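What you are looking at is a predicted structure, and each value in this text was computed from that prediction instead of being measured.
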Amino acid sequence: SEIVNRLEDRLADPDVLFHEILGFDDRLPELLDLLSTKACSISYIERSAANMPWLFDELIKLINTPKYRRYDAKGKVVVVESLKMALSFLGVENLKMIIPSIALRRCLPQITDPFPEIKNKIQEAAIGTAMSCKRIAQISDVDEYTTFILGMLHDLGKIVVVRLFFKLFEEVQREALIEAQNERKRDEHLALGEIEPSDQFITNIIDQYSYPLNAKFFEIMGFKRLFVTDAMNEFSQNKAVIHMSPYAKVLAQAVAYNRYRT
């Protein structure tokens, strides 16, 4: 009960959660918008990405992995250090999927003991949903890239709820232990020390709070070209699919299909 009370207090300020807990870069929505335009080019992407050092580092690291490695005429590995060259090797179409994926991975929680697989499951769900969105969009006459963004970023609220839960659990447990120690309640102190996070409790708060929070995050991002904010709002309200707009419907179908497959 105490964790829920504190969680609800924190959720009242989604702007702080977006910037301080999620750590989402304010410059990223503009780049994601840019990638949706027909006029998008490597030079435009370079100018935008150059303002985000973390993205520069991730792209350089990616282009030098075995999957994308290039060789010169003598068979030597070409080490890429230029952002423009990295972007050119990857190409605009690949970057439409790579950049949102990197952005999501950067937001994932790092420590979720005693459930270390949470971050992997969230990432797998995001990628699976995004790819499902892309495929469903092809047969639904809606833009593939827009639905891909919806799928890849639909669990940002879940990431924050999970991060907050573990932080608040530790905080509340520590305070209770100190109180029991100060009051010389030995048995209570021992019992409190043995309490671990409940998987069912985490699931319940994710179901209750994550999607409404995610809808607020999409509003904060302020996309100008991507028609994703209204779709995310509809999805978060758990409308019947028959009453959803086309983009929200694709997201709902992709989430359901991905959950079924996993």
Side-chain angles (χ1 to χ4, degrees), residues 1-26 28 54-55 57-58 100-130 150-183 185 187-221 232 235-236 238 255 258-259 262:
S1 296
E2 182 61 25
I3 289 171
V4 168
N5 289 339
R6 296 187 190 195
L7 178 68
E8 289 180 346
D9 284 345
R10 299 292 297 273
L11 292 176
D13 196 341
D15 194 71
V16 169
L17 297 178
F18 183 76
H19 293 101
E20 295 183 8
I21 302 296
L22 190 64
F24 205 86
D25 195 314
D26 278 331
L28 194 54
W54 61 269
L55 182 56
D57 292 342
E58 289 287 344
S101 303
I102 291 173
L104 173 90
R105 190 171 67 244
R106 186 169 179 262
C107 295
L108 290 171
Q110 296 306 306
I111 301 172
T112 56
D113 293 337
F115 308 111
E117 282 298 302
I118 284 182
K119 55 182 176 293
N120 296 329
K121 296 296 183 183
I122 292 175
Q123 185 173 18
E124 288 168 8
I127 293 170
T129 301
L150 272 168
M152 187 61 71
L153 303 184
H154 83 285
D155 266 346
L156 294 180
K158 182 184 290 184
I159 291 171
V160 169
V161 169
V162 166
R163 279 187 163 188
L164 279 178
F165 168 77
F166 285 105
K167 185 176 181 179
L168 292 172
F169 182 93
E170 184 180 351
E171 180 182 290
V172 171
Q173 186 179 39
R174 184 174 61 251
E175 289 176 14
L177 283 164
I178 292 170
E179 183 180 322
Q181 183 176 4
N182 291 340
E183 295 178 4
K185 295 179 178 178
D187 290 343
E188 183 175 313
H189 189 276
L190 288 170
L192 284 165
E194 293 177 1
I195 295 174
E196 290 191 341
S198 156
D199 54 349
Q200 188 57 55
F201 186 81
I202 297 171
T203 302
N204 290 343
I205 63 170
I206 285 172
D207 288 345
Q208 184 173 353
Y209 299 107
S210 64
Y211 287 140
L213 179 60
N214 207 61
K216 292 174 183 175
F217 286 166
F218 270 57
E219 290 172 5
I220 291 169
M221 284 189 264
M232 191 63 226
F235 178 73
S236 72
N238 202 26
V255 168
N258 186 66
R259 286 178 180 173
T262 56

Residue pairs passing the salt bridge (Lys or Arg N to Asp or Glu O under 4.0 Å) test where at least one lies in residues 155-164, sequence neighbours excluded |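 Listed by first then second residue: D155-K158.
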Salt bridge (Lys or Arg N to Asp or Glu O under 4.0 Å): pairs with one or both residues in residues 100-109, sequence neighbours excluded =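 Of all non-adjacent pairs touching residues 100-109, those that pass salt bridge (Lys or Arg N to Asp or Glu O under 4.0 Å) are E58-R105.
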All side-chain hydrogen bond (donor to acceptor under 3.5 Å, both in side chains) counterparts of [X], not counting sequence neighbours:
{"X": "Q200", "result": "N204"}
{"X": "Q173", "result": "none"}
{"X": "D25", "result": "R27, W54"}
{"X": "E194", "result": "none"}

Please say which of I159, I220, L17 ends up in a side chain to side chain contact (heavy atoms under 4.5 Å, CB included) with L22.
->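 Among I159, I220, L17, the one meeting side chain to side chain contact (heavy atoms under 4.5 Å, CB included) with L22 is I159.
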Just to verify, what does [X] make a salt bridge (Lys or Arg N to Asp or Glu O under 4.0 Å) with, not counting sequence neighbours?
{"X": "E117", "value": "none"}
{"X": "K185", "value": "E183"}
{"X": "E171", "value": "R6"}

Please list, chain by chain and in numerical order, all residues satisfying ring-ring contact (aromatic ring centres under 6.0 Å, His included) with F166, sequence neighbours excluded.
->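 For F166 there are no ring-ring contact (aromatic ring centres under 6.0 Å, His included) partners, ignoring immediate neighbours.
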Return the set of residues passing ring-ring contact (aromatic ring centres under 6.0 Å, His included) with F201 (not counting sequence neighbours), or none when no residue passes.
->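 Scan of F201 (ring-ring contact (aromatic ring centres under 6.0 Å, His included), adjacent residues dropped) gives F165.
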Please list, one pair per line, the donor and acceptor atoms closer than 3.5 Å that link side chains of residues 206-213 to other protein atoms, with sequence neighbours excluded.
from	atom 1	to	atom 2	distance (Å)
Y209	OH	E8	OE2	2.5
S210	OG	I206	O	2.6
Y211	OH	R259	NH2	3.0

CG of L108 to CG of N120: how many Å apart, nearest 0.5 Å?
->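 It comes to 8.5 Å.
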Report yes or no: does H154 contribute a side-chain atom to a donor-acceptor pair with the main-chain N or O of G151 at less than 3.5 Å?
->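 Yes, H154 side chain to G151 backbone: donor-acceptor pair under 3.5 Å.
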Has the side chain of N214 got a donor or acceptor atom that lies under 3.5 Å from a matching backbone atom of L153?
->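 Yes, the answer is positive, given that a donor and an acceptor are paired below the 3.5 Å cut-off.
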